[in-house]
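First comes the structure, then the notes that go with it.
We name chains A, B, ... by the order of the sequence lines, and we start the count at 1 in each one. Hydrogens, waters and symmetry mates are skipped; everything else that's a heavy atom, side chains included, is used.
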There are 2 protein chains.
Amino acid sequence: MLRGLMMDYPLTVDRLLDHAYKLYPHKRVTTKQPDGSLHRYSFADLYHRVKRLGNVLHKLGINQGDRVGTFAWNNYQHLELYYAIPCAGAVCHTLNIRLSTEQLAYIINHAEDKVIFVDATLLPLFSKLADNIPAVETIVLINAQPGIETPFPNVLHYEDLMAQVEAEFEWPVTDERQAMGLCYTSGTTGNPKGVLYSHRSLYLHTMGENQATALAFTPDDIVMPVVPQFHAMAWGLPYSAMFAGADLIMPGLHLNPVALADLIADEKITFPAGVPTIWTAMYQELRANPRDFSHVRCLAVGGAAMPRGLIEAYERDFGVPVLHAWGMTELSPLGTISSLQPQHRQLSDHERWDLRAKQGYPIGGVELRIVNDAGEELPWDGTTVGELQARGPWVTAGYYKVEPTAEHFTADGWFRTGDVATINHEGYLGITDRTKDLVKSGGEWISSVELENALMGHAKVTEAAVIAIPDERWSERPLACVVLTKDAGEVEPNELLEYLEPLVAKFWLPERVVFLSEIPKTSVGKFDKKVLRARYANGELS
Amino acid sequence: MLRGLMMDYPLTVDRLLDHAYKLYPHKRVTTKQPDGSLHRYSFADLYHRVKRLGNVLHKLGINQGDRVGTFAWNNYQHLELYYAIPCAGAVCHTLNIRLSTEQLAYIINHAEDKVIFVDATLLPLFSKLADNIPAVETIVLINAQPGIETPFPNVLHYEDLMAQVEAEFEWPVTDERQAMGLCYTSGTTGNPKGVLYSHRSLYLHTMGENQATALAFTPDDIVMPVVPQFHAMAWGLPYSAMFAGADLIMPGLHLNPVALADLIADEKITFPAGVPTIWTAMYQELRANPRDFSHVRCLAVGGAAMPRGLIEAYERDFGVPVLHAWGMTELSPLGTISSLQPQHRQLSDHERWDLRAKQGYPIGGVELRIVNDAGEELPWDGTTVGELQARGPWVTAGYYKVEPTAEHFTADGWFRTGDVATINHEGYLGITDRTKDLVKSGGEWISSVELENALMGHAKVTEAAVIAIPDERWSERPLACVVLTKDAGEVEPNELLEYLEPLVAKFWLPERVVFLSEIPKTSVGKFDKKVLRARYANGELS
């Protein structure tokens with residue numbers, strides 16, 4: 001082979017940080033602290049503290065490849081850890097604070113975390129792990145008062161450690177394939193599985209997000225990751241925003257609708273990013289107490305499908321365009337975004353909202369395909385439904401300490417997402433279901449997600465989850481679990497079915513409906529259908 | 001080392017092409033053909049022809065790693081070659097039509113081109129090589145009439161070959177380090193040197209250009225590379241524009257100011273890109289015959305410094321913002337762009353033009369530093385001048401078939417650009433000179449480039465080149481070679497010196513001035529100071 005004669009330049013996280021520091025030393029990170037006050041500092045301040053933190057890690061006995069846990073809200077200290085741990089050659093293992101004690105213990109022990117950085121505001125939660133994580137050598141507390149009591153034997157304080165070390169630190173990573181981050185997915189079956197990112201994948205994901213056809217960050221942006229840093233690397237935003245010179249706003253633990261709406265308005269945020277439930281709640285708040293959101297160029301939403309009605313409502317009522325995105329922990333996580341293109345300018349408002357409600361086109365670098373049961377590629381016609389598979393430089397090739405299986409990877413090197421989807425002729429993805437969320441009724445598929453979206457279009461419905469329940473005649477039938485609006489009053493199932501009738505195929509109509517006060521949610525705010533399935537496993541509705 | 005568990009996904013050119021095809025099959029390439037008519041087709045059409053062309057290359061005996069030459073204007077066939085040659089595993093060697101016959105023969109023989117694709121409109125020029133390139137097996141003619149006569153033994157026609165092959169072709173490249181392109185720089189001393197790009201470097205350069213903080217292409221763009229495809233890969237624009245879904249306009253051989261201005265206006269081009277001499281000439285045309293250029297979001301300029309006065313004039317007179325860029329063949333080529341940032345909005349017009357006249361900040365992925373003679377890094381203060389060095393994933397690590405030397409590479413892995421520059425605290429590069437263009441007068445440096453820019457600010461001066469000539473007392477003194485405007489009338493050197501006096505240090509004033517009818521130019525339109533230096537080598541001015 002004739003090799004090109006270009007520099008063998010490793011794509012490592014310290015290169016991203018250096019660029020942000022050298023070009024944008026004056027740009028700012030603002031954190032809403034536990035007491036509600038704002039902590040502000042510059043990229044230059046952050047950079048110098050990251051170097052100190054490298055020395056702290058060294059002093060704590062962290063070696064190349066060691067896993068270092070974080071258990072924290074979105075704040076500047078967590079951001080420092082996002083950079084310092086990989087830049088020091090270790091692996092940043094973000095722990096999802098919303099998992100159960102059992103799951104957390106499993107994950108920490110499976111990853112063999114040597115040190116864990118814990119937000120003191122989360123100590124009541126974290127302390128439950130005291131007897132279950134014996135291999136963890138040190139706990140380092142962030143945001144802690146001196147003398148705070150914990151059930152752990154070896155506890156140190158973040159700022160104490162920072163004050164004790166040298167200011168200079170040399171980045172040691174020279175191989176872009178080295179691991180830099182670890183993130184477990186809370187699977188619906190079996191134990192959580194870890195996705196182990198490399199410096200290369202993170203670097204390329206950062207460039208991918210910063211394409212003008214993707215998130216398009218520039219120094220004009222003020223980005224707020226509401227999506228937690230403990231969830232899918234906060235969608236990579238802490239890296240891509242800083243690499244592009246965008247300011248960062250970290251909301252800390254203040255995730256209620258009023259606090260978020262205030263922060264967006266006060267800090268003139270251009271790009272707030274979070275899961276749909278956050279924006280659903282904030283919509284109600286904005287209706288009650290309008291604010292000036294004219295600086296918001298994109299309300300970014302991912303992690304679950306945003307109801308079309310809410311996309312419409314944000315734009316119609318507040319002039320805020322919603323950017324619908326799709327990703328997975330296994331994709332670093334960004335896969336697609338639903339930006340509009342020049343040919344869509346002529347569409348009606350409703351056609352544009354239909355399009356914005358799709359998951360969107362793959363960003364440059366991500367390859368998608370849909371296949372049938374035989375693994376044959378299906379056409380991009382917007383109607384043919386198939387299993388969604390992905391490939392690219394920031395797609396996982398396996399799970400940590402698990403042999404890759406045909407359940408997750410195809411023989412020709414594609415990742416099986418577990419989603420079922422259409423792709424239209426312009427490349428716009430429409431996720432219809434998780435493979436396991438399909439209702440198989442009389443040999444035909446019923447899409448629970450489509451039923452949910454249709455139900456949530458009803459004026460008296462705030463949330464709806466549809467699951468399969470056993471049925472003698474049809475093998476499975478859909479059960480609609482519905483949460484009504486506060487002022488809905490009495491609603492008969494028939495009212496909902498009549499509403500659905502023109503919207504879906506007749507055999508899809510869920511003759512069984514239960515009204516709940518809320519839909520159980522997973523740790524990341526998605527509908528937890530596992531719980532619903534367990535509750536109605538025998539087909540009994542009471 | 002703990003490796004990340006991400007896909008080992010090679011960054012290859014066929015991935016770029018596939019993305020453009022799958023997402024933007026309807027987007028268009030428009031070529032102004034030799035007869036002036038417009039050829040239009042879609043990315044889908046191009047894609048299918050590139051697959052055919054892969055088979056053509058195979059049929060011509062091209063194997064992995066073979067060099068395939070191109071000698072052509074910017075047109076759709078040349079674009080097909082840009083993709084098909086690397087996608088078939090060979091190396092696309094673009095030949096600069098403006099080089100001398102001797103230089104071309106040297107380059108073709110040095111690269112061992114097996115096949116060369118020649119634009120028939122350039123046959124009179126190319127035919128001069130008939131006796132000098134014996135190892136070239138086949139010449140393939142583009143845009144040729146049947147039965148055209150040539151002095152070459154084995155000549156085929158592009159469309160004949162395309163008609164004879166299968167439509168399907170499998171991309172064979174699986175290693176991103178494989179060579180994909182070859183481009184010789186016409187050095188000022190010694191033989192031309194070849195830069196051998198890899199698939200990886202080209203892929204990353206494409207992503208780099210498409211960052212929102214760089215060229216920021218989207219499907220809203222209509223991009224015209226006026227910069228030739230035979231020069232520094234047309235700045236990578238054919239790849240980055242298509243990857244982002246931007247339409248491409250190829251001007252062919254129609255590079256006169258009227259034709260270019262018409263094309264920009266008629267095709268509503270958003271991003272015309274070329275060297276300063278092109279835009280200098282077009283400015284005069286637009287003054288005489290104004291056109292609607294409101295759709296131009298950036299008039300991109302690189303390859304040489306755009307005079308500040310012209311940057312100002314384009315914006316002031318036509319509302320066209322100029323995007324000043326700096327690059328080198330050795331950098332694939334993009335290094336910096338001079339976009340403005342939020343903090344510059346408050347500047348006065350004149351301050352903004354000053355900034356736009358700088359070469360700008362390094363785009364994400366490119367690292368720059370300035371060093372002194374001892375190799376020590378110098379501060380980014382906007383005034384300290386040092387030797388400019390670069391590093392990054394699309395920077396060359398050597399020249400084809402040449403051992404790397406300390407003249408071009410530092411021991412710690414940086415490329416020595418040969419430029420002398422300042423960098424300000426915001427990362428904006430200001431090239432002051434080529435290392436070899438400095439005038440060393442009495443132990444002090446005089447910047448020939450600054451003198452030139454100052455002289456070109458005089459109303460009666462169109463072009464000015466400053467070179468060092470020998471001087472008994474000062475060792476070297478500057479000589480100003482000046483071209484006056486047509487209606488300037490008689491001008492005394494003193495008039496120019498008086499004009500310069502408040503603008504530069506007193507010892508910089510060039511007491512020697514010659515008036516020329518034109519400044520000699522290199523093949524790519526830059527001032528050819530070699531010729532001037534030879535002419536005035538003995539210090540005699542007549």
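Proximity to chain B (any heavy atom under 4.5 Å) is restricted, for A:Trp380, to the side chain, taken from C-beta onward. The contact between A:Phe243 and chain B is made entirely by side chain atoms (from C-beta outward), counting heavy-atom distances below 4.5 Å. Contacts of A:Ala390 with chain B are made by backbone atoms alone, with heavy-atom separations under 4.5 Å and no side-chain atom involved. With a 4.5 Å cut-off on non-hydrogen atoms, A:Ser339 does not touch chain B at all. In this structure, no portion of A:Leu340 lies under 4.5 Å from any heavy atom of chain B. For chain A, the nearby part of B:Arg200 is the side chain; its heavy atoms alone come within less than 4.5 Å. Heavy-atom distances place both the backbone and the side chain of B:Pro362 under 4.5 Å from chain A. Of the two parts of A:Arg369, neither the backbone nor the side chain holds a non-hydrogen atom closer than 4.5 Å to a non-hydrogen atom of chain B. Neither the backbone nor the side chain of B:Leu331 comes within contact range of chain A; no heavy atom of the residue lies under 4.5 Å from a heavy atom of that chain. In this structure, no portion of A:His199 lies under 4.5 Å from any heavy atom of chain B. Looking at A:Tyr399, only its backbone comes within 4.5 Å of chain B, counting heavy atoms on both sides.
Counting heavy-atom pairs closer than 4.5 Å to chain B, the top-ranked of the candidates A:Asp175, A:Asp66, A:Leu215, A:Leu196 is A:Leu196. Between chain B and the residues A:Val195, A:Asp18, A:Leu23, the most heavy-atom pairs under 4.5 angstrom are made by A:Leu23. Ranked by heavy-atom pairs shorter than 4.5 Å toward chain B, the options A:Glu330, A:Arg3, A:Glu176, A:Lys22 are led by A:Arg3. Highest contact tally toward chain A, considering only B:Gly65, B:Gly398, B:Gly364, is held by B:Gly364 [criterion: heavy-atom pairs under 4.5 Å]. Contacts with chain A were tallied for B:Gly245, B:Gly427, B:Gly181, B:Ser201; B:Ser201 has the most, counting heavy-atom pairs under 4.5 Å. The residue among A:Gln343, A:Arg15, A:Glu426, A:Met180 with the most heavy atom pairs within less than 4.5 Å of chain B is A:Arg15. By number of non-hydrogen pairs under 4.5 angstrom with chain A, the leading residue of B:Val366, B:Leu16, B:Asn210 is B:Asn210.
Electrostatic pairing of B:Asp8 and A:Arg177 counts as a salt bridge here, judged by a charged N lying under 4.0 Å from a carboxylate O.
Closest heavy-atom contact between A:Met207 and B:Trp394: CE-CH2, 4.0 Å. Across all non-hydrogen atoms, the minimal contact from A:Tyr24 to B:Thr213 is OH-CG2, 4.1 Å. Taking each heavy atom of A:Gly4 and B:Ser198 in turn, the nearest pair found is CA-CB, 4.0 Å. Residues B:Pro342 and A:Pro219 share a closest heavy-atom pair of CG-O, 3.3 Å. Between B:Leu2 and A:Tyr400, the shortest heavy-atom distance links the atoms CD1-CE1, 4.3 Å.
The 12-atom threshold is exceeded at NZ of B:Lys401, counting heavy atoms of other residues, nucleotides or ligands nearer than 6.0 Å.
Within the 4.5 Å cutoff, no side-chain heavy atoms of A:Leu202 are placed close to those of B:Met6. The shortest distance between side-chain heavy atoms of A:Leu204 and B:Leu11 falls below 4.5 Å. In this structure, the side chains of A:Gln64 and B:Met1 stay at 4.5 Å or more apart for every pair of heavy atoms.
For the residue pair A:Glu367/B:Tyr9, the side-chain donor-acceptor check at 3.5 Å is satisfied.
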